Amino acid sequence: MVESWPVTWPAWLGELALAGVCVAVPIVELFVHASTGSDSTDTLIIVLMVIGAAALLLRHRHPVLVTVVCGSCTVAVAAAGDRSPLISSSLAVALYSVGVAGLRLRTVITVTLAACAAFVTGLLFTSDRTLSIHDLVHAAAMAAPVAGGRLVAMQRVTTALRIERVELAIRAERDLQQLRIEQERRRIARDLHDAVGHALTTITVQSGVAARLLDTRPAFAREALLEISAAGGEALRDLRSVVGMLRRSDTNTADGSCLPVEGLPVEG
């Protein structure tokens, strides 16, 4: 998968700095050690180096195309007489981008071999038309940036998979916690229904008994009223206990914890 285009200023500055280094270093080396002696030839070499370095600004979107441009500029510079290893700086960065881009292995191998062959062909156009072991080793070393890019791409994929696995684990834990909360709420609702329902049933029965015996047997009516009071008080305590537990559970949920597990004692 091709990398996305840099959208932030630090990324743009980094790309510009990289392109500047790729063009400045070989130019400085050209004038210090390997000047061809011809002003027109030196100017052509500089222009080609600038073109190759400028193409690196598109390496995230079009890595293969940028590699073709940088390789062509490298061949032209070598044909112009500059055989310094630094002339392939832009090409090395482009090959690294090809490795990072996540292209098919066949495409990566083809681009690498083409770049090596193009570099050797450029050296053949020099005045003496001879190749040294150093030149061949330098051409073969162009596979190193591609290999480095492939390793970086694999590391990124591995990191992305690890992050995705962690996110899935967090999501699963969150869903499990939510399921536990729902189950606990249902249990609380069921217990509350049973407790209040039992209390209301007792109150209903005892109130009917008290109504019938109030005039004929006031002692039994008094006992029924006491039963009503006790049942009402018990129902009120259960209701307060459940409401207090729900309030604490809502506070714990907001803090990141969950409801108490079923079976644990609840303070009333």
Side-chain angles (χ1 to χ4, degrees), residues 1-35 42-80 82-105 107-120 122-123 134-135 137-160:
M1 181 176 59
V2 178
E3 294 180 280
S4 59
W5 185 268
V7 294
T8 60
W9 276 111
W12 269 109
L13 292 177
E15 293 297 318
L16 291 174
L18 179 61
V21 170
C22 289
V23 70
V25 173
I27 288 178
V28 171
E29 197 271 344
L30 172 68
F31 286 104
V32 172
H33 298 291
S35 179
D42 291 344
T43 302
L44 176 61
I45 291 176
I46 292 174
V47 171
L48 292 172
M49 290 180 179
V50 171
I51 294 174
L56 293 178
L57 298 177
L58 302 176
R59 65 189 182 94
H60 295 282
R61 285 287 183 89
H62 309 285
V64 176
L65 179 60
V66 171
T67 302
V68 172
V69 174
C70 293
S72 301
C73 293
T74 301
V75 170
V77 171
D82 189 353
R83 304 183 62 173
S84 169
L86 297 178
I87 64 175
S88 59
S89 300
S90 299
L91 180 58
V93 175
L95 289 173
Y96 170 82
S97 301
V98 170
V100 174
L103 302 174
R104 292 183 177 180
L105 183 60
T107 302
V108 175
I109 294 176
T110 301
V111 171
T112 305
L113 293 178
C116 296
F119 183 78
V120 173
L123 295 178
H134 180 269
D135 294 332
V137 172
H138 178 60
M142 290 184 180
V146 182
R150 296 294 290 186
L151 291 176
V152 171
M154 294 173 60
Q155 182 64 30
R156 290 180 179 178
V157 172
T158 303
T159 303

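Here, residue 1 is the first one in the sequence, and each next residue gets the next number. Quick caveat: nothing in here was measured; it's all calculated off a predicted structure.
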*Can you tell me how far CG of L56 sits from CG of L91, rounded to the nearest 0.5 angstrom?*
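Taking CG in L91 and CG in L56, the distance rounds to 9.5 Å.
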*Between CG of L151 and CZ of R156, what distance do you get to the nearest 0.5 Å?*
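Separation between the atoms: 12.0 Å.
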*Check side-chain contact (heavy atoms from CB on, under 4.5 Å) between T159 and all other residues, then give those that pass, not counting sequence neighbours.*
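Result, side-chain contact (heavy atoms from CB on, under 4.5 Å) vs T159: Q155, I163.
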*Qualifying residues under side-chain contact (heavy atoms from CB on, under 4.5 Å), relative to L86, sequence neighbours excluded*: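 For L86, the residues satisfying side-chain contact (heavy atoms from CB on, under 4.5 Å) (neighbours in sequence not counted) are V25, P26, E29, S84, S89.
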*Does the side chain of L57 reach to within under 4.5 Å of the side chain of L16, using non-hydrogen atoms?*
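When only atoms from C-beta onward are counted, L16 and L57 do touch, with a gap below 4.5 Å.
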Under 3.5 Å, which donor-acceptor pairs link side chains of residues 64-72 to any protein atom two or more places apart or in another chain?
| residue | atom | partner | partner atom | Å |
| --- | --- | --- | --- | --- |
| T67 | OG1 | P63 | O | 2.7 |
| T67 | OG1 | A94 | O | 3.4 |
| S72 | OG | V68 | O | 2.8 |

*Considering non-hydrogen atoms only, spot the tightest contact between C22 and V93 and give its length.*
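It is SG-CG2, 3.7 Å.
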_Distance-minimising heavy-atom pair for R59 and S97_ =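 So the minimum-distance heavy-atom pair works out to NH1-OG, 2.7 Å.
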